Amino acid sequence: GWWRMVNAKMVMDDALELHRLEVTRKQLEVWRDDAVVIDEDISDLLVDIKNRLKVKKRVVKQIRELRIQREECERRIPQIEDEMGKLTEEDVQRGWAEALER
């Protein structure tokens, strides 16, 4: 009587504990697999960040060079306007003739 009930309860408790352990083991496997995927995603993101920083550095350099070029052009405008004002009709015709010969 009594011993059978105690024994049945112990067997049931053991089976329940085994079930809990199995559920926990399966959940740990899922988390481990998720961690692997997350690590791969992090690696991909680090490569993307590295590439974006390279591109940003190159673009910033290009912008700096374009600003310098624009400033040089703006400084030369008065000089070019002055030189254009000094051109004679003959200079203009000669310039067009040279351009057309090319």
Side-chain angles (χ1 to χ4, degrees):
W2 174 82
W3 174 244
R4 274 194 191 143
M5 280 186 49
V6 170
N7 192 29
K9 182 177 179 339
M10 287 174 50
V11 168
M12 191 63 148
D13 288 346
D14 288 347
L16 185 59
E17 184 62 23
L18 283 174
H19 175 71
R20 286 185 189 137
L21 287 173
E22 182 63 19
V23 168
T24 301
R25 184 188 66 75
K26 287 180 181 178
Q27 185 60 54
L28 287 172
E29 285 179 5
V30 168
W31 288 341
R32 186 191 68 228
D33 293 344
D34 289 348
V36 168
V37 171
I38 290 169
D39 284 342
E40 290 170 356
D41 288 346
I42 289 172
S43 295
D44 291 345
L45 288 171
L46 290 174
V47 169
D48 287 348
I49 290 169
K50 182 179 175 183
N51 290 334
R52 285 175 185 255
L53 288 174
K54 282 182 185 178
V55 169
K56 181 183 176 188
K57 183 178 178 180
R58 188 174 69 240
V59 168
V60 166
K61 181 180 176 188
Q62 290 172 342
I63 290 171
R64 190 177 331 109
E65 290 171 354
L66 287 171
R67 283 184 178 149
I68 291 169
Q69 185 179 11
R70 184 186 67 207
E71 290 169 1
E72 288 176 14
C73 291
E74 288 173 353
R75 277 197 306 271
R76 291 190 63 212
I77 288 174
Q79 178 186 358
I80 292 170
E81 287 175 342
D82 186 49
E83 290 176 17
M84 287 176 63
K86 294 177 186 176
L87 290 176
T88 65
E89 181 66 28
E90 188 179 306
D91 293 331
V92 173
Q93 293 299 326
R94 199 172 345 153
W96 277 109
E98 287 177 11
L100 292 173
E101 288 174 3
R102 293 180 192 178

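Residue numbers count from 1 along this sequence. Computed from a predicted model, the values in this text were never measured in an experiment.
- Atom CD of E90 has 12 or fewer heavy atoms from other residues, nucleotides or ligands within 6.0 Å.
- Just one of L28, D33, D34 meets the side chain to side chain contact (heavy atoms under 4.5 Å, CB included) condition when paired with V30; it is D34.
- Salt-bridge annotation for K26 and E29: absent, with no side-chain N of the basic residue lying under 4.0 Å from a carboxylate O of the acidic one.
- Under a cut-off of 6.0 angstrom, the local environment of CD in Q62 is crowded, with over 12 non-hydrogen atoms contributed by other residues, nucleotides or ligands.
- Checking side-chain atoms of D13 against main-chain N and O of M10 turns up no donor-acceptor pair under 3.5 Å.
- I38 and L46 fall within a single hydrophobic cluster, where Ile, Leu, Val, Met, Phe, Trp and Tyr side chains are chained together by heavy-atom contacts under 4.5 Å.
- Checked for salt-bridge contact, K86 and D82 meet the test: a charged N lies under 4.0 Å from a carboxylate O.
- Going from atom CG of L21 over to atom CG of L16 covers 10.0 Å, rounded to the nearest 0.5 Å.
- Under a cut-off of 6.0 angstrom, the local environment of CZ in R4 is sparse, with at most 12 non-hydrogen atoms contributed by other residues, nucleotides or ligands.
- Distance check: E72 CD to I77 CD1 gives 12.5 Å after rounding to the nearest 0.5 Å.
- By the 4.5 Å heavy-atom criterion applied to side chains, K56 and V60 are counted as neighbours.
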- Step by step, work out the side-chain contact (heavy atoms from CB on, under 4.5 Å) result for K61 and E65. CA-CA 6 Å; K61 181 180 176 188; E65 290 171 354; 3.1 Å; yes
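- A 4.5 Å side-chain heavy-atom check between E22 and L18 finds every atom pair outside the cut-off.
- Between E74 and R70 there is a salt bridge, since a side-chain N of the basic residue sits under 4.0 Å from a carboxylate O of the acidic one.
- Side-chain atoms of E89 and Q93, non-hydrogen and from C-beta on, do get closer than 4.5 Å to each other.
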